[in-house]
Amino acid sequence: MFTVRIQAGQFDAAAEIAALAQGRTDIGAVVTFTGLCRDDIAPGGARLVALTLEHYPGMAEEEIARLVEEARTRWPLTGATVIHRFGRMIPGDNIVLVVTASSHRTAAFEAAEFLMDWLKTRAPFWKLEEREAARSWVAAKDTDDTAAGRWG
Amino acid sequence: MFTVRIQAGQFDAAAEIAALAQGRTDIGAVVTFTGLCRDDIAPGGARLVALTLEHYPGMAEEEIARLVEEARTRWPLTGATVIHRFGRMIPGDNIVLVVTASSHRTAAFEAAEFLMDWLKTRAPFWKLEEREAARSWVAAKDTDDTAAGRWG
Amino acid sequence: MKILYFAWVRERIGLEAEEVDPPASVRTVADLAAFLKERGEGYAHAFENPSVVRAALDRTHARPDTPLGAAREVAFFPPMTGG
Amino acid sequence: MKILYFAWVRERIGLEAEEVDPPASVRTVADLAAFLKERGEGYAHAFENPSVVRAALDRTHARPDTPLGAAREVAFFPPMTGG
């Protein structure tokens, strides 16, 4: 089963693992990645109050579905689920979930990392930070491009 | 929070993620690896009926705790949980859970892979297979030693 | 042609979307960005550094030299920060 | 000295654990394995290929040339297959 969802609401990692594994006995490894809104502090000392995630409806689903298809051509996956939230998040909230299932652990790990690396650089989402004394768009990171680039 | 448990009973990945993340807002990434008993078929066609995991009580906990300590020296983890079951498992059952939490995704992914690679080769567990027409001890895999060896 | 703007490109221009009918000389994504940049102060600000503005044609990532072809929906946005 | 056996080493020897008092000439893990191998048919079978039998001293992995030192608990087992 391969699923992509873009949603405002919370997700439940356990329910998504269960949905992928239910009734199957050919899965040897399930890897999950959960990305959370982190309570970081800017160099100037301004504490994060919230992140608002804006997205490009339609393209977000299509682009992530293309990444999942690409992962399936590279690794023998028995299933994958990607959920990305939009809207306003406070520190501690879930933002993104990637679940990959395979008969072997290396495929599950590599596919999850691949999906996260490319999600960061290709999925049309933008984070607006609200800090105690400021608000500003999060700049894309060179390290994300580098991480994605290693998949060649 | 850093936790190692060796147990006969099932585990609940969601509860373990929640326990690591509860009340914290400094975690940006949580990776889980769940290893399951897979319904594979031997080259001769004998279907797996069950796996029985034998372990070395005492050493299993100590060795995994040493691996977790080693992971903490290599990556900035905010938490990690390793649970390894023993006893008889049927296809579809959970066997092992690794959860790693960090402020950054690369650390969480790498630490989870490191722990799984070394668990496979250093944790004192042995799988006894029961197949439809045979039972035999699972041979250790060269690929596991190779995977562990890449951590140098 | 429908043009969509996201994140700070949207904020600077002050619009989420608009219909635009560029002249035939506008053939590529970069041509369209240069054409839009002339439409006013907000546009000039949004496209002041064209190399940091990304584009999609009909919901697929495009490069500055990608021909617009028959695209019906073009989007401009900053580098993505999801995940 | 307490000796523990696991998995097929345990099955071949037919014991989970035993107390052994080896002579002073038994100084290393490999010496102990060679000493045990002479104790009977099951032992001979368990240690027929010593290179595939692993050992731990006081619950820490050891190599064939590791000195037994003051170890109180020695375990012999096949390569591990957990995870």
Side-chain angles (χ1 to χ4, degrees), chain A residues 4 6 33-38 51-67 70 82-87 89 94-98 112-129 135-148, chain C residues 1-20 28-30 32-33 36-37 41-83:
Chain A
V4 174
I6 311 297
F33 176 89
T34 307
L36 298 100
C37 178
R38 187 162 50 87
L51 280 180
T52 298
L53 274 128
E54 178 173 335
H55 75 299
Y56 182 170
M59 181 173 170
E61 291 84 341
E62 289 174 23
E63 186 64 23
I64 295 174
R66 284 189 283 265
L67 296 178
E70 174 69 20
V82 178
I83 300 175
H84 203 307
R85 295 180 66 200
F86 61 87
M89 321 282 166
N94 291 332
I95 297 175
V96 62
L97 176 70
V98 168
E113 286 185 90
F114 170 90
L115 287 169
M116 277 309 305
D117 284 353
W118 284 110
L119 265 176
K120 288 255 175 194
T121 55
R122 293 190 64 90
F125 285 85
W126 300 273
K127 289 192 183 99
L128 179 67
E129 291 185 354
R135 62 193 279 280
S136 63
W137 292 99
V138 176
K141 281 186 207 152
D142 285 348
T143 52
D144 288 334
D145 284 332
T146 308
Chain C
M1 176 183 286
K2 187 177 185 185
I3 317 271
L4 305 178
Y5 305 110
F6 293 99
W8 55 251
V9 175
R10 171 180 56 71
E11 288 190 331
R12 290 181 184 182
I13 292 175
L15 286 174
E16 292 186 2
E18 62 181 322
E19 285 290 333
V20 169
T28 65
V29 167
L32 182 58
L36 292 168
K37 190 177 178 179
E41 202 176 322
Y43 294 90
H45 188 201
F47 291 101
E48 69 185 355
N49 183 358
S51 70
V52 300
V53 179
R54 308 292 175 89
L57 298 187
D58 288 336
R59 304 180 173 179
T60 303
H61 288 296
R63 297 163 49 91
D65 60 358
T66 304
L68 296 173
R72 284 175 299 183
E73 184 175 297
V74 182
F76 289 98
F77 41 77
M80 287 141 288
T81 54

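Just so you know, these numbers use all the heavy atoms, side chains as well, and skip hydrogens, waters and symmetry mates. Order of the sequence lines fixes the chain letters, A, B, ..., with proteins taken first and strands second; residue numbering starts at 1 for each chain.
Contact tally against chain C (heavy-atom pairs below 4.5 Å) for A:Tyr56, A:Phe125, A:Phe86: the top residue is A:Tyr56. The candidate with the highest count of non-hydrogen atom pairs below 4.5 Å against chain A, out of C:Leu4, C:Val52, C:Thr60, is C:Thr60.
Only the backbone of A:Ala139 comes within contact range of chain C, with at least one heavy atom under 4.5 Å from a heavy atom of that chain. A:Arg85 does not touch chain C: none of its heavy atoms, backbone or side chain, sits under 4.5 Å away.
Contact record, C:Thr81 with A:Val138: CG2-O, 3.1 Å, taken as the closest heavy-atom pair. C:Met80 and A:Ala140 make their closest contact through O-CB, 3.7 Å (heavy atoms, listed as atom of the first residue, atom of the second, distance).
Here the CZ-OG1 distance, from C:Arg54 to A:Thr121, works out to 8.5 Å after rounding to the nearest 0.5 Å. In this structure, CD on A:Glu61 lies 8.0 Å from CZ on C:Arg59, to the nearest 0.5 angstrom. Here CE of A:Met59 is found 9.0 Å from CZ of C:Phe6. Values are rounded to the nearest 0.5 Å.
More than 12 non-hydrogen atoms from other residues, nucleotides or ligands lie less than 6.0 angstrom from CG of C:Asn49.
Inspection of non-hydrogen atoms places C:Arg10, C:Glu11 of residues 9-20 of chain C under 4.5 Å from chain A.
When side chains are defined from C-beta on, A:Trp137 does not count as touching C:Pro78, because their heavy atoms never get closer than 4.5 Å.
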